[in-house]
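FYI, the numbering just counts along the sequence from 1.
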Amino acid sequence: PESNKTIHDPACGTGGFLTSAIENIRKQDVKGVEDLKTLETTIHGMEFKPLPFMLSVTNLILHDIEVPNVDYTDSLNREYTSIGQKDRVDVILANPPFGASVTDGVETNFPQNYRTTESADLFLILMIRYLKDNGRAAIVLPDGSLTGDGVKQRIRQYFLESCNLHTIVRLPNSVFQPYASVATNLLFFTKGEPTKE
């Protein structure tokens, strides 16, 4: 991503994707203090677990972000329709938690058609909502999000109709062991036009 783009990770964990974006932008576009201040305001993350949140703040500080813009919050607990134009971002980089159920009632924050307790599916809907038109995303999702039936199929249809999913990189099952043993994919997409291929 370029330095003038807003970058968001709604499940930032220890901030790995955010710090990678910072380092990439710093190599290309940061020429002085003003550029660094701009970078500081365009990087945003959210994390719900206390230890990863603390580590992400520390990680950003270690990467010269004086005031890390990381919220200690459950991004899925926000009312879906309350995410408006002012909340939209240019780039999303995320590896949301998957294989777990969300806490009771969280799914009611989402439209009836897409309610599920599978966190990965809700994060996909959330990330589409957060992206501006022509916004880009690179995310990690399990196979089930691309192949399941029922609500997964409705989410997938909405995803493919509202975003151009141009690249899928299949990852080996062992990539996230011992945390998860499911097959995962890297998805790269742009919001604003349907997937044609």
Side-chain angles (χ1 to χ4, degrees), residues 1-2 5-25 28 43-48 52 56 75-76 80 83 87-102 107 110-111 113-197:
E2 301 84 16
K5 302 294 185 188
T6 50
I7 301 165
H8 181 57
D9 185 345
C12 69
T14 59
F17 281 175
L18 297 179
T19 55
S20 291
I22 289 166
E23 289 304 312
N24 188 52
I25 292 169
Q28 299 172 28
I43 300 283
H44 180 243
M46 295 176 167
E47 179 51 48
F48 185 48
S56 67
S75 53
L76 294 177
Y80 178 82
I83 301 167
D87 302 306
R88 302 268 162 81
V89 297
D90 297 301
V91 177
I92 289 181
L93 305 168
N95 179 9
F98 47 83
S101 293
V102 295
E107 70 274 7
F110 291 83
N113 255 6
Y114 308 126
R115 288 185 185 168
T116 177
T117 57
E118 168 55 54
S119 57
D121 297 334
L122 293 178
F123 270 108
L124 178 57
I125 290 291
L126 181 77
M127 290 185 276
I128 294 168
R129 180 75 175 193
Y130 267 116
L131 275 178
K132 292 178 180 176
D133 277 344
N134 297 315
R136 300 172 295 151
I139 65 172
V140 180
L141 274 188
D143 265 357
S145 297
L146 299 177
T147 59
D149 295 332
V151 70
K152 288 182 180 296
Q153 187 205 349
R154 290 192 298 273
I155 291 171
R156 184 172 59 250
Q157 181 177 350
Y158 169 70
F159 174 42
L160 295 176
E161 288 173 356
S162 59
C163 299
N164 179 18
L165 174 60
H166 54 80
T167 306
I168 300 173
V169 179
R170 295 200 35 86
L171 299 174
N173 287 11
S174 60
V175 169
F176 293 106
Q177 282 181 343
Y179 308 106
S181 58
V182 298
T184 52
N185 304 285
L186 299 177
L187 306 182
F188 298 88
F189 58 92
T190 305
K191 182 179 175 180
E193 58 184 55
T195 302
K196 292 184 176 66
E197 295 182 40

Rounding to 0.5 Å, atoms CD (Gln153) and OG1 (Thr147) come to a distance of 11.0 Å
Margin query: Walk me through whether His44 and Thr6 qualify under side-chain contact (heavy atoms from CB on, under 4.5 Å).
Written below: CA-CA 8 Å; His44 180 243; Thr6 50; over 6 Å; no
Closest heavy-atom pair, Ala21 versus Leu93, reported as atoms and distance to 0.1 Å, is CB-CD1, 3.9 Å
Practice prompt. Apply side-chain contact (heavy atoms from CB on, under 4.5 Å) to the pair Leu76 and Phe110, showing each step before the final yes or no.
Written response: CA-CA 9 Å; Leu76 294 177; Phe110 291 83; 3.8 Å; yes
ask   = Between Arg129 (side chain) and Leu124 (backbone), is there a donor-acceptor pair under 3.5 Å?
value = no
Taken to the nearest 0.5 Å, the spacing of Ile43 CD1 from Ile25 CD1 works out to 5.0 Å
Distance col, row Arg115:CZ vs Glu107:CD, nearest 0.5 angstrom, shows 7.5 Å
Anything under 30° is parallel, anything over 60° is perpendicular, the rest tilted; go ahead and classify Tyr114 against Tyr158. tilted
Flag yes if more than 12 heavy atoms outside Phe48 fall under 6.0 Å of its CZ atom; otherwise flag no. no
Minimal heavy-atom distance between Ala11 and Glu47, with the atoms involved, is C-OE1, 3.8 Å
Value for CD1 (Ile139) from CZ (Phe17), rounded to nearest 0.5 Å, stands at 10.0 Å
| said: I'd like to check Leu131 versus Phe189 (side-chain heavy atoms, cut-off strictly below 4.5 Å). Are they in contact? | reply: yes
Legend entry - Polar side-chain atom of Ser119 near backbone of Pro97 as donor-acceptor pair, under 3.5 Å: yes
Closest heavy-atom pair, Phe188 versus Leu165, reported as atoms and distance to 0.1 Å, is O-CD1, 3.6 Å
Between Gly45 and Leu18 the two heavy atoms that sit nearest each other are CA-CD1, 3.9 Å
Residues pairing under salt bridge (charged side-chain N to carboxylate O under 4.0 Å, His left out) where one sits in residues 138-156, two or more places apart or in two chains, turn out to be Asp121-Lys152, Asp143-Arg170
Evaluate Ser145 against Ile155 for side-chain contact (heavy atoms from CB on, under 4.5 Å), listing each step before the verdict. CA-CA 8 Å; Ser145 297; Ile155 291 171; over 6 Å; no
Assess the residue pair Thr184 and Asn95 against the criterion (side-chain contact (heavy atoms from CB on, under 4.5 Å)); give the C-alpha distance rounded to whole Å, side-chain angles, the decisive distance to 0.1 Å, and a yes or no. CA-CA 10 Å; Thr184 52; Asn95 179 9; over 6 Å; no
Under a 4.5 Å cut-off applied to non-hydrogen side-chain atoms, are Thr195 and Phe159 in contact?
no
CG (Leu186) and CD1 (Ile168) are apart, to the nearest 0.5 Å, by 10.5 Å
Fill in: Pairwise side-chain contact, Ile22 with Ile7, heavy-atom cut-off 4.5 Å (strictly under)
no
On a heavy-atom basis, the closest approach of Pro96 and Leu141 is CG-CD2, 4.2 Å
Between Thr116 and Leu122 the two heavy atoms that sit nearest each other are O-CD1, 3.3 Å
Student check: side-chain heavy atoms of His8 and Met127 closer than 4.5 Å
no
- Would you check if the side chain of Lys5 reaches a backbone N or O of Asp90 as a donor-acceptor pair within less than 3.5 Å? no
| field | N/O donor-acceptor pair under 3.5 Å between Ser162 side chain and Lys191 backbone | value | no
